[in-house]
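For reference, the structure is listed below as structure tokens.
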Amino acid sequence: MSAKDKYNQPDARGYFGDFGGQFIPETLMPAVQELSEAFDKFVGDPEFMEEFDKDLAHYVGRPSPLYHAERWSRMLGGAQVYLKREDLNHTGAHKINHAVGQILLAKRMGKTRIIAETGAGQHGVATATVCARLGLECVVYMGAKDVERQAANVYRMKLLGAKVVPVTSGSQTLKDSINATLRDWVTNVDNTFYLLGTVCGPHPYPKMVRTFQSIIGREARRQILDQTGKLPDALVACVGGGSNAMGLFSEFIDDKGVKIYGVEAGGLGVESGRHAARFSDGRKGVLQGNRTHIMCDDAGQIIESHSVSAGLDYPGVGPEHALLHEIGRAEYPYATDDEALQAFHDLTLYEGIIPALESSHALAYVTKLAPTMNPDQSIIVNLSGRGDKDMHTVAAIDGMTL
Amino acid sequence: MNALKTTVESKRIDVCFARLQSEGRKGLIPYVTAGDPGPEATVPLLHAMVEAGADIIELGIPFSDPVADGPVIELAHQRAVSQGVTLADVLLMVAEFRKKDNVTPIALMGYLNPIEIMGYENFARRAAQAGVDALLAVDIPPEDAKTLLDPLYKEGLETVFLVSPNTVDERIESICSVAGGYIYYVSLKGVTGAGNLDISEVQSRVEHIKSFTSLPVCVGFGIRDGASASAISKTADAVIVGTALVKELATHENDHAAGCAAVAARLAEMRTAMDQ
Ligand SMILES: Cc1ncc(COP(=O)(O)O)c(C=O)c1O
């Protein structure tokens, strides 16, 4: 393939085709441009990348294994399923990868105060963790409803020395915590770094977070070649904002034989309107710094999303996914709450691995996809996190209180 | 006939600043969110603000996620959104206002998504028909604004842009090259309703911006009373006040007439202080 045919997104101004960009107030523009320049500078700096790789190895615990789930594959009766074990990372999810990268950048930029949004609390915990390690002030904004739903993670963040600020405006969930973090950033731009938790927001975040997460795909590619001698036939990952998915997908986009599936949260079913399936039931719009697929009504007001997993409960999606969807390079099916819960229980029982509810959406789609394929074909599914944080949620659904 | 109408009407902002200059006065620009505290409150409120001394009105388009706004104006958006006030409704309000007032310029201020969903061309046409003079879309940078600006220009609408305390010269230049009507200088780092003003800092920034453009430079964020309005109006072509007014509307949420009177009283106080 010649260089010009290669997938090379975004452009210099952060556009993935028509999606992405920097749709932010002028008050934020200088900060975002400063970040963009710093990222471009350091990502090309071998010393920076060496330090990043070192932290990934010794602090995060990489490479994470690629595990052949033989028993589950047999039960599904089709393709061989390989799990990329991001659940085994320090703090229990892929979020730590981009947190480690961004905090190194913040340090290089001389920022002393770190702010972040969080939904389920996984990104907040990852941020608080890297701040504790470097002794940096950390403020995490979290929707008041999520503070209640995710009490254990709130406590973890506090133990790590972070200040957790409940956000009481709007739907009191992830979307509103992003608004609150942006407002903080506008006010404290000089000393503050916004450590964003997914491939959303204004440029350079979608590109930057993808870059730091792409370690997932690089490892998985090497590991599947080692184990099977060929590339996988399909990739599957859940899509909240889309960071774990981009981390895996980005290394395979030019391999046209590899099918790509991003699984959204179907909530109570797309017909119910209570979901986060932005590609099945959303439209093109502008939200929180970028043009992408969003859930909004005919007047352009953002609609509240719903999912059993807080990490997928967001009405927007990373702009690069919108492009991959538009050009047909990736497909975006959804899994409902019930399907995800079933997959959660299945993997736990058959493989002894308790997955995060977010990742369970990817697994639920695999239960449909694998049986349509042959036993000599393979699927890599990104097991983005472990399910410890979801014990209370699942127990409550099963009628128990812990 | 239609073309003539828009060219005449699109001059309302220019006419306004020319009049102010000839009178030796500075402009007073109140901001309120359309549909706050209720949809039927807005048109009477607009007239009352003109009566109390407003020269131009910035009318907010309600949006579910107003990230550039502080808690006071955010709640105004929530009140309007929760009562179902849409961009289409806002245009109807402006058309209604225009039946009695064909002079006072109205700039719509808002976020891009409702406009994007309506469609840029559709919005531009309907806004011009309703009697809107300008649009300030808070979250569209000038570099990306062309697809929005072209339909607006075609309908004779002006486009107001923000300049902030940390905007570098290169950006001030590119903003001024596409801006129309006036420049909105944000006097504080922060969201609407934040902190305290450094008057001499504002003064030197306004003078600096004026070296890039012949457009009037108006200053907003942090102006709350007669004293701050008067101080800022020494250097700016107009002062913009929002949060202080929206607070009054919130206080009198269930009594629109009282809210309207309180806003008018605030504006009158500023007007008097500025004209002294
Ligand atoms: C384990 C896990 N997976 C996935 C997600 C969704 O985020 P993204 O789509 O950015 O990977 C989250 C977010 O909190 C998460 O905690």
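As the structure is a prediction and not an experimental result, all values here were calculated from the model. Just so it is clear: chains get the letters A, B, ... in the order the sequence lines come, proteins before strands, and each one is counted from 1.
Looking at A:Ile294, only its side chain comes within 4.5 Å of chain B, counting heavy atoms on both sides. Heavy atoms of B:Pro165 lying under 4.5 Å from chain A are absent altogether. Neither the backbone nor the side chain of B:Val90 comes within less than 4.5 Å of any heavy atom in chain A. Of the two parts of B:Leu162, the backbone and the side chain both hold a non-hydrogen atom closer than 4.5 Å to a non-hydrogen atom of chain A. Residue A:Asp297 touches chain B through its backbone alone, counting heavy-atom pairs closer than 4.5 Å.
Using a 4.5 Å cut-off on side-chain heavy atoms (C-beta onward), A:Gln22 and B:Glu143 make no contact. By the 4.5 Å heavy-atom criterion applied to side chains, A:Glu26 and B:Val186 are not counted as neighbours. Two residues are said to be in side-chain contact when any heavy atoms from C-beta on lie closer than 4.5 Å; B:Asp144 and A:Tyr15 meet this criterion. Within the 4.5 Å cutoff, no side-chain heavy atoms of A:Ile24 are placed close to those of B:Asp139. Side chains of B:Val168 and A:Pro30 form no contact here, defined as non-hydrogen atoms less than 4.5 Å apart. You'll find the side chain of A:Met29 stays beyond 4.5 Å of the side chain of B:Thr167, heavy atoms only. Between A:Val189 and B:Asn166 the shortest side-chain heavy-atom distance falls below 4.5 Å.
Rounding to the nearest 0.5 angstrom, the gap separating the NZ atom in A:Lys175 from the OG atom in B:Ser64 is 5.0 Å.
The choice from A:Ile178, A:Asp190, A:Ile302 that makes the most heavy-atom pairs within less than 4.5 Å of chain B is A:Ile302. Ranking B:Ser82, B:Pro142, B:Ala137, B:Pro141 against chain A, the residue ahead of the rest is B:Pro141, based on heavy-atom pairs under 4.5 Å. When B:Ile115, B:Val81, B:Leu87, B:Thr86 are compared by the number of non-hydrogen pairs under 4.5 Å with chain A, B:Val81 comes out ahead.
A:Asn179 places no side-chain N or O within 3.5 Å of a backbone atom of B:Val67 that could act as its donor or acceptor partner.
Atom CD of A:Glu148 has 12 or fewer heavy atoms from other residues, nucleotides or ligands within 6.0 Å. Residue B:Glu121 qualifies as open at atom CD: its count of foreign heavy atoms under 6.0 Å is 12 or below.
Under a 4.0 Å N-O distance rule, the pair A:Lys284/B:Glu116 does not qualify as a salt bridge. We find that A:Arg183 and B:Asp69 are not joined by a salt bridge, their nearest charged nitrogen and carboxylate oxygen being 4.0 Å or further apart.
Minimum heavy-atom separation, B:Gln78 to A:Ser169: NE2-CB, 3.7 Å. The minimum heavy-atom distance between B:Phe63 and A:Gln301, with the atom names listed, is CA-OE1, 3.3 Å.
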